[in-house]
Amino acid sequence: MMWLFAILVVLALGGVALVAAGHGEPLAPAYDDRPDVGVPPTGPLGAEHLRSARFGMVLRGYRMAEVDALLERLATQLEGADETNPAG
């Protein structure tokens with residue numbers, strides 16, 4: 001009975017090795033699932049751009065609450081600057 005389990009384990013490992021080596025069905029193509037930052041690449045930025053900005057997460061990423069607080073503070077500051085200087 002032990003030999004039967006040993007043979008099954010060897011066959012299973014061989015199947016995994018074949019798939020990992022590229023034989024059999026290929027893996028689905030990878031796609032970019034990162035969120036768009038939401039900020040235009042050129043031109044002036046406004047408060048609405050900062051409020052809509054979203055950043056991708058990584059394993060050793062950032063503290064979202066700190067980034068969100070900074071973006072909110074900058075957006076409020078830009079709104080105040082726009083109100084005091086509407087021409088530019």
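These numbers come from the heavy atoms of this one structure, side chains and all, not from hydrogens, waters or symmetry mates.
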Asks: Please collect all salt bridge (charged side-chain N to carboxylate O under 4.0 Å, His left out) contacts where either partner lies in residues 8-19, sequence neighbours excluded, each pair once.
Replies: none

Asks: Check side chain to side chain contact (heavy atoms under 4.5 Å, CB included) between A75 and all other residues, then give those that pass, not counting sequence neighbours.
Replies: A47, L50, R51

Asks: Which other residues belong to the hydrophobic cluster containing M2, where Ile, Leu, Val, Met, Phe, Trp and Tyr are joined when side-chain heavy atoms lie under 4.5 Å apart, directly or via other members?
Replies: none

Asks: Can you tell me how far apart CD1 (I7) and CG (L11) are? Round to the nearest 0.5 Å.
Replies: 7.5 Å

Asks: Rounded to the nearest 0.5 Å, how far apart are CG of L70 and CD of Q77?
Replies: 9.5 Å

Asks: I need the L78 CG to E48 CD distance, nearest 0.5 Å.
Replies: 9.0 Å

